[in-house]
Amino acid sequence: MQRGSKASDVGWRVPLADLRIDEELLAAVRDTVGSGWWSAGPRVSEFEKEFSAYCGAGHALAVSSGTAALHLAVLALGCGPGDEVVLPSLNFVAAANVVAVAGARPVFCDVVGGADLNLSPADLEAAIGPATKALIVLHYGGNPCQMEAVLEIAARHRLPIIEDAAHAPGAVWHGRKCGTIGRVGCFSLFSNKNLPTGEGGVVVTDDQELADRIRLLRSHGMTSLTWDRHRGHAHSYDVREPGLNYRLDEIRAAIGLVELRRLEAENTARRRLVAGYRQRLEGVKGIAVAFPAVGDDVVSSAHLAPVLLPEQASRDDVQKRLGGEGIQTSVHYPPIHTFSHYRALTQRLLPQTDAIESRILTLPLFGHMTEAQFDFVADRVVAAI
Ligand SMILES: Cc1ncc(COP(=O)(O)O)c(C=O)c1O
């Protein structure tokens with residue numbers, strides 16, 4: 001069996017993201033499979049304990065995906081029909097979808113613009129209206145957004161902040177881990193994330209009441225888990241309110257425990273690579289590397305390496321040329337307000353998002369990228385424009 005990078009399995013010379021597979025990881029999976037208990041149990045509890053300690057959060061609840069984490073946050077905060085939730089359009093569609101599925105209306109705000117792909121606090125505030133029930137903020141690519149301004153706006157309007165921290169495990173804003181700054185933080189453990197388990201997510205909060213509600217909603221509204229009953233810790237259960245099955249399983253939690261212990265090293269390696277892209281590409285042929293200004297006391301988790309192509313370049317052509325050489329690229333993201341379902345619901349103008357959306361290109365990034373892979377990508381990107 002092959003160990004190490006699995007890029008070769010899918011045919012890219014340099015994939016966008018890549019998993020590192022080694023004996024420690026395989027042993028953790030093997031032990032868990034052999035334990036005879038695969039659904040939520042002791043490894044999930046241990047993962048939650050370690051994740052909350054790592055983030056400095058009062059509570060961490062492991063769930064089945066980042067989307068489930070966002071859905072539970074939106075439901076637990078009581079967002080429903082008649083409510084609006086403000087969020088940046090330049091995000092993965094999950095944040096808007098969970099709001100819509102809960103029966104509320106997503107209202108999109110703009111980004112700062114230029115090479116700053118995070119939300120504009122001024123436009124976030126402009127999007128708040130009498131029906132606004134919550135704000136969902138994204139730390140794009142693991143770069144903390146302007147939380148000082150966001151916290152001030154949220155406090156003034158008495159609105160809870162949900163942090164979509166899918167990209168930001170380990171990112172730090174003024175000594176606080178991203179995801180723990182607002183009322184509730186949502187992480188994704190999808191395969192391409194900095195802390196991958198395949199599928200999975202985590203909700204963090206310091207709010208005991210909210211944590212209790214999310215714990216119930218995560219598992220059918222039931223007051224005990226099958227694991228509790230298996231251990232003889234509970235014999236029956238009550239259902240307090242209708243809920244879902246958004247639990248994480250033991251196998252993924254075992255992977256998560258290994259990956260969590262590797263996260264700091266992974267993030268450090270990623271930051272070094274992003275700095276390398278900046279050194280090699282910034283200003284060359286009109287390329288701008290996103291997030292040029294990292295504020296004092298702010299640390300990115302460097303989940304993505306987005307660049308802005310020069311205005312005259314065709315992104316499609318650049319992607320095709322790079323793809324032809326075995327370099328996988330992507331676009332994070334087609335703005336949500338441009339999708340057919342959301343286009344009809346969108347009333348606000350988002351000029352900064354519209355101005356940059358066709359120029360954003362995400363380059364390959366993963367901690368164990370080799371120097372040869374990095375050099376190849378940097379050279380070929382310049383040649384492709
Ligand atoms: C910013 C952002 N939010 C939410 C999600 C949803 O997470 P998941 O794929 O784990 O459901 C993702 C996942 O790709 C994401 O990138």
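Computed from a prediction, not measured in an experiment: that's the story for all the values here. Order of listing sets the numbers, starting from 1, for every ligand and every atom in it.
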Output yes when Glu24 and Arg262 qualify as a salt bridge under the 4.0 Å nitrogen-oxygen rule, no when they do not.
yes

Under the side chain to side chain donor-acceptor pair (under 3.5 Å) rule, what do Ser65 and Glu199 come out as? Steps first, then yes or no, please.
CA-CA 6 Å; Ser65 70; Glu199 299 283 358; 5.7 Å; no

Looking only at the aromatic ring of each residue, does the gap between the centers of Phe339 and His337 stay below 6.0 angstrom?
no

Under 3.5 Å: N or O atoms of ligand 1 paired with protein N or O:
from	atom 1	to	atom 2	distance (Å)
ligand 1	3 (N)	Asp164	OD1	3.1
ligand 1	3 (N)	Asp164	OD2	2.9
ligand 1	7 (O)	Ser188	OG	3.4
ligand 1	10 (O)	Gly66	N	2.7
ligand 1	10 (O)	Ser188	OG	2.7
ligand 1	11 (O)	Gly66	N	3.3
ligand 1	11 (O)	Thr67	N	2.8
ligand 1	11 (O)	Thr67	OG1	2.5
ligand 1	14 (O)	Lys193	NZ	2.8
ligand 1	16 (O)	His167	NE2	3.0
ligand 1	16 (O)	Lys193	NZ	3.4
ligand 1	16 (O)	Tyr333	OH	2.9

Just say parallel, tilted or perpendicular for the rings of His167 and Tyr140, cut-offs at 30° and 60°.
perpendicular

Using a cut-off of 6.0 Å, state whether more than 12 heavy atoms not belonging to Arg156 lie near its atom CZ.
yes

Give me the ring orientation class for Phe108 and Tyr342: parallel if the planes are under 30° apart, tilted from 30 to 60°, perpendicular past 60°.
perpendicular

